[in-house]
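These numbers come from a predicted model, not from an experiment. The sequence lines fix the lettering, A, B, ..., with proteins before strands; numbering per chain opens at 1.
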2 protein chains.
Amino acid sequence: MSKSNPQLNLDNQLCFKLYNASRQVTRLYQPLLKEVGLTYPQYIVLLILWEQDGQLVKEIGKRAGLNSNTLTPLLKRLEQHGIVSRNKTPDDERHTIIHLTKAGKELEQSCACIPAQMLEKSGLSMEQMQLLKSALDLLQ
Amino acid sequence: MSKSNPQLNLDNQLCFKLYNASRQVTRLYQPLLKEVGLTYPQYIVLLILWEQDGQLVKEIGKRAGLNSNTLTPLLKRLEQHGIVSRNKTPDDERHTIIHLTKAGKELEQSCACIPAQMLEKSGLSMEQMQLLKSALDLLQ
DNA sequence: TGTGATTTAATCGTGTGCGACCTAATTTAT
DNA sequence: ATAAATTAGGTCGCACACGATTAAATCACA
């Protein structure tokens, strides 16, 4: 299978495993998220807002690791779907503050079962899950 | 910080760590790949072709975990850059076979140093790297 | 041998990611 | 007080991902 350079062997590449694992997990989420009409990054953003409602785009971005060039269109879609509101703050007109709407708050209950369902789908034990989490923390 | 449902706490979510780690690694690769004019998914596809030249779109797709709706445009861009050729096979006109060009083969040498540079950049020890790899294999 | 099922790529539409840039609001340094 | 620098969010362009569909070639088999 592998040819010349063992350094370049795909099976050796951490990057490839990580890239695949991430997409695979996203795919596992999709059928569950489809039921509530969310995409995976939208779900991440909502997790952040459910923790703390009324955050600035900047704060959400820092937590999610996303910049405004990704967040602005995403938040506009959530706004169009009636899940969040976007408003300038009066004290500093540069800020846009994001609030959950009633529908956005209610969505939290609909998503409450997702983590447990995902754990089951993944086929991981709690120990394996914990191992993977702490291994990933090595990269921070 | 976290409000009501501990199940939905972002820090508890494996998905989020994975999603972040994957993007972070991609970002680490970018300056290195930019020097040779490749994107990260293009690099993955080339790793596959350097292992074995002359593969069908389907075979590359299976190895990379990508379908033609992602691969076809990506391969067309590589073709435009003179890195691969795309041809129908005479025995079965449904197949498109991908070959490395001379430039595509030469690119392997230019990329040979990338894994070592990445290991250094990541700040991981060999042991940590190995731990993370095997943890990720749990998801297969 | 003809025809319906299957296989393989390609196409289309939507939604990210992200570099580069822009604009307006605010802060700072003089 | 005000010009320069900084900050926040937005826009644009490109390249993925991926579900859904299409088109063409091949296969299976009655």
Under 4.0 Å between any heavy atoms, over every strand shown, what does B:Thr70 touch: base, sugar-phosphate, or nothing? Just pick one. base
Please compare A:Ile97 and B:Gly65 by the position of their nearest nucleotide in DNA chain D and report the one closer to 5'. A:Ile97
Any donor-acceptor pair under 3.5 Å from B:Glu35 side chain to B:Leu32 backbone: no
Nearest nucleotide by nearest heavy atom, which residue falls closer to the 5' end of DNA chain C, A:Leu74 or B:Leu56? B:Leu56
Within this structure, what is the CZ-to-C1' distance between B:Arg94 and D:dT22, rounded to whole angstrom? 15 Å
Keeping B:Tyr43 on the side-chain end and B:Cys111 on the backbone end, is there a donor-acceptor pair under 3.5 Å? no
Find the distance A:Lys88:NZ to C:dA25:P and express it as a whole number of Å. 9 Å
Any donor-acceptor pair under 3.5 Å linking the side chain of A:Glu120 with the backbone of A:Gln117? no
Among C:dC18, C:dA10, D:dT11, which nucleotide sits nearest the side chain of A:Leu66? C:dC18
Should B:Tyr19 be listed as having a side-chain N or O under 4.0 Å from OP1 or OP2 of C:dG17? yes
Separation of atom CZ in B:Arg77 from atom P in D:dA17, rounded to whole Å: 10 Å
For D:dC18 and A:Tyr40 - does any side-chain N or O of the residue sit under 4.0 Å from the phosphate oxygens OP1/OP2? no
Taking 4.0 Å as the cut-off, does a side-chain nitrogen or oxygen of B:Thr96 come that near to OP1 or OP2 on C:dT8? no
Is the phosphate of D:dC18 approached by A:Gln30 (side-chain N or O, under 4.0 Å from OP1 or OP2)? no
Do A:Ser68 side-chain and D:dA8 base share a donor-acceptor contact under 3.5 Å? no
What is the distance, rounded to the nearest whole Å, between atom CZ of A:Arg27 and atom C1' of D:dG19? 12 Å
Go through D:dA25, C:dG19, C:dA9 for me and flag the one nearest to the B:His95 side chain. C:dA9
Separation of C:dA10 P from B:Asn67 CG (nearest whole Å): 13 Å
Check whether any side-chain heavy atom of B:Arg86 sits under 4.5 Å from a side-chain heavy atom of B:Thr72, and report yes or no. yes
Compare the minimum distances between each of C:dA9, D:dA25, D:dG9 and the side chain of B:Asp92, then state the nucleotide with the smallest one. D:dA25
How many Å lie between CG on B:Asn87 and P on C:dT8, as a whole number? 18 Å
Side chain A:Asn69 and base D:dG9 donor-acceptor under 3.5 Å: no
How many Å lie between CD on B:Glu79 and P on C:dA10, as a whole number? 10 Å
Within 45 degrees of the ring normal and closer than 6.0 Å to the centroid, is that where the cationic atom of B:Arg23 sits relative to B:Tyr19? yes
Selection from D:dA17, C:dT16, D:dA8 that lies nearest to any side-chain heavy atom of A:Pro41: C:dT16
Contact class for A:Lys76 vs. all strands (heavy atom < 4.0 Å): base, sugar-phosphate, or nothing? sugar-phosphate
If you measure from the Lys or Arg side-chain nitrogens to the Asp or Glu carboxylate oxygens, is any gap between B:Glu93 and B:Lys88 under 4.0 Å? no
Hey, which of these two, A:Val57 or A:Arg23, hits DNA chain D nearer its 5' end, going by closest nucleotide? A:Val57
Below the 4.0 Å mark, does D:dA20 have OP1 or OP2 next to a side-chain nitrogen or oxygen of A:Lys34? yes
What's the CG-P distance between B:Asn20 and C:dG17, to the nearest Å? 10 Å
